[in-house]
Amino acid sequence: MRQLALEDPAATADLVERFSRDPAKGVRRRALRDPRLTPASVVRLLDDPCEFIREAAAGDPRLSTRALAGLLHDATVAASAAANPAIPEHVMHHLLDRRPPATS
């Protein structure tokens, strides 16, 4: 029921923020997908107890370049951070240059 409240375009940003702290992981995950959630809350959700929420937060384009760079060294969320659409092009090239060569 709380997740449905986030579907309402009239729902306030305060409501989204409150739901990003909800005890139910599904509600927190839905709040994370909401564009009204602040970048600071996305960063906070990087420390969520639920792994799939941490991974989703690492892939969120609202993260700063600095936050993304730090996540690339965290084995638990590095793949999600590397796939983040906000990752700078030069960082992506650096990651691609560092990958092991393909074997035949």
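Values in this document were obtained by computation on a predicted structure and should not be read as measured data.
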Could you name each residue pair satisfying side chain to side chain donor-acceptor pair (under 3.5 Å) that touches residues 61-71, not counting sequence neighbours?
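Those involving residues 61-71 are Asp60-Arg62.
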
To check you understand the geometry: which heavy-atom pair defines the closest contact between Gly59 and Pro85, and what is its length?
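That closest heavy-atom pairing would be O-CD, 3.7 Å.
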
Closest heavy-atom pair, Ala11 versus Leu15, reported as atoms and distance to 0.1 Å, is CB-CD2, 3.8 Å

If the condition is side chain to side chain donor-acceptor pair (under 3.5 Å), which residues does Glu55 pass it with, not counting sequence neighbours?
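Once residues adjacent in sequence are excluded, Glu55 has no partner under the side chain to side chain donor-acceptor pair (under 3.5 Å) criterion.
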
Contacts of type side chain to side chain donor-acceptor pair (under 3.5 Å), residue Asn84, not counting sequence neighbours
none

Applying side-chain contact (heavy atoms from CB on, under 4.5 Å) between Ile87 and each of Leu71, Leu63, Leu72, report the one that passes.
Leu72

Going by the rule salt bridge (Lys or Arg N to Asp or Glu O under 4.0 Å), which residues pair with Arg36 if we only count those two or more places apart in sequence or in a different chain?
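Salt bridge (Lys or Arg N to Asp or Glu O under 4.0 Å) list for Arg36, sorted by chain: Asp34.
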
Donor on one side chain, acceptor on other, Asp14 and Thr12, under 3.5 Å:
no

Kindly compute the distance separating [atom1] ([X]) from [atom2] ([Y]), expressed to the nearest 0.5 Å.
| X | Y | atom1 | atom2 | answer |
| --- | --- | --- | --- | --- |
| Glu51 | Ser80 | CD | OG | 9.0 Å |
| Leu46 | Asp74 | CG | CG | 9.0 Å |
| Ser41 | Arg21 | OG | CZ | 6.0 Å |
| Leu45 | Ser20 | CG | OG | 5.5 Å |

Short side-chain to backbone donor-acceptor contact, Glu17 and Thr38, under 3.5 Å
yes

How would you list all residue pairs meeting salt bridge (charged side-chain N to carboxylate O under 4.0 Å, His left out) that involve residues 39-48, not counting sequence neighbours?
Arg28-Asp48

